[in-house]
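Quick caveat, the model's predicted, so the values are computed rather than measured. Just so you know, residue 1 is the first one in the sequence shown, and it goes up from there.
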Amino acid sequence: MSAGCRSRQPVDAGLAGAEFDSRREPMATASQQVRLVADLTMHVPRDTAGDLECGAASVVEGVDAVTGVEAVDVTDLRPRLNDLQIDATVTVAVETPADEDSEAAARAALADGFGVDAVERVRLDRAQGGAETPVLEHG
């Protein structure tokens, strides 16, 4: 993703403007964050700020369960009258229920996203950032 893309800011899910009522407190649910790579077909608005990758990232960031977009690789572009239909491989972090199959839940969450037409080849990325094997120096 290019450096000019905006990053998604956390949204306050509280009861803004409402008086506190203990009977209306949301139920706690256990969730987990998974990192995955998926091939998506989506529609990017023509008036999106930034480059095509930024536009694609903003579409994916609009999915409620997505907590972060790490990379977007556009693989195909089909211009249409009001938008650009693209195929892209994205690396994202998705919040899924802990008691469900994380890959299936992430696929369903992405498929429900506005502007997302198809979700294919979803694969969990088990690599951890910074967990590279250190190189031993001799001498």
Query raised in the report: Would the number of heavy atoms belonging to other residues, nucleotides or ligands and lying under 6.0 Å from CZ of R121 be above 12?
Result: no

Query - Minimum side-chain heavy-atom gap D76-R78 below 4.5 Å - result: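 A side-chain contact under 4.5 Å exists here.
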
Query raised in the report: Does the side chain of E103 come within less than 4.5 Å of R123's, by heavy atoms?
Result: no

**Report entry** Residue among V92, V59, T91 satisfying side-chain contact (heavy atoms from CB on, under 4.5 Å) with V69
**Finding:** V92

Query raised in the report: Taking atom CZ of R35 and atom CD of E70, what is their separation to the nearest 0.5 Å?
Result: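 Going from the CZ atom of R35 to the CD atom of E70 covers 4.0 Å.
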
Requested in this report: Could you tell me the separation between the CG atom of D117 and the CD atom of Q85, rounded to the nearest 0.5 Å?
Outcome: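 These two atoms lie 5.5 Å from each other.
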
Just by distance, with hydrogens left out, do [X] and [Y] show a side-chain donor and acceptor under 3.5 Å apart?
{"X": "Q33", "Y": "T67", "value": "yes"}
{"X": "E95", "Y": "S31", "value": "yes"}
{"X": "D39", "Y": "T89", "value": "yes"}

Which atom pair, heavy atoms only, marks the closest approach of [X] to [Y]?
{"X": "L84", "Y": "P79", "result": "CD2-CA, 3.9 Å"}
{"X": "A56", "Y": "M42", "result": "O-SD, 3.9 Å"}
{"X": "A106", "Y": "T96", "result": "N-CG2, 3.8 Å"}
{"X": "V60", "Y": "L40", "result": "CG2-CD1, 3.8 Å"}
{"X": "P45", "Y": "D83", "result": "CA-CB, 4.2 Å"}
{"X": "G55", "Y": "T48", "result": "CA-CG2, 3.3 Å"}

Query raised in the report: Has the side chain of T75 got a donor or acceptor atom that lies under 3.5 Å from a matching backbone atom of D87?
Result: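 Such a contact is found between T75 side chain and D87 backbone.
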
Query raised in the report: Sub-3.5 Å donor-acceptor pair from the side chain of R107 to the main-chain atoms of S102, do we have one?
Result: no

Query raised in the report: Hey, any chance V37 and I86 share a hydrophobic cluster, counting ILVMFWY side chains that come within less than 4.5 Å of each other, even indirectly?
Result: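 Looking at the clustering, I86 is in a separate group from V37.
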
**Report entry** side-chain contact (heavy atoms from CB on, under 4.5 Å) between V90 and L36, intermediate numbers included
**Finding:** CA-CA 8 Å; V90 298; L36 58 96; over 6 Å; no

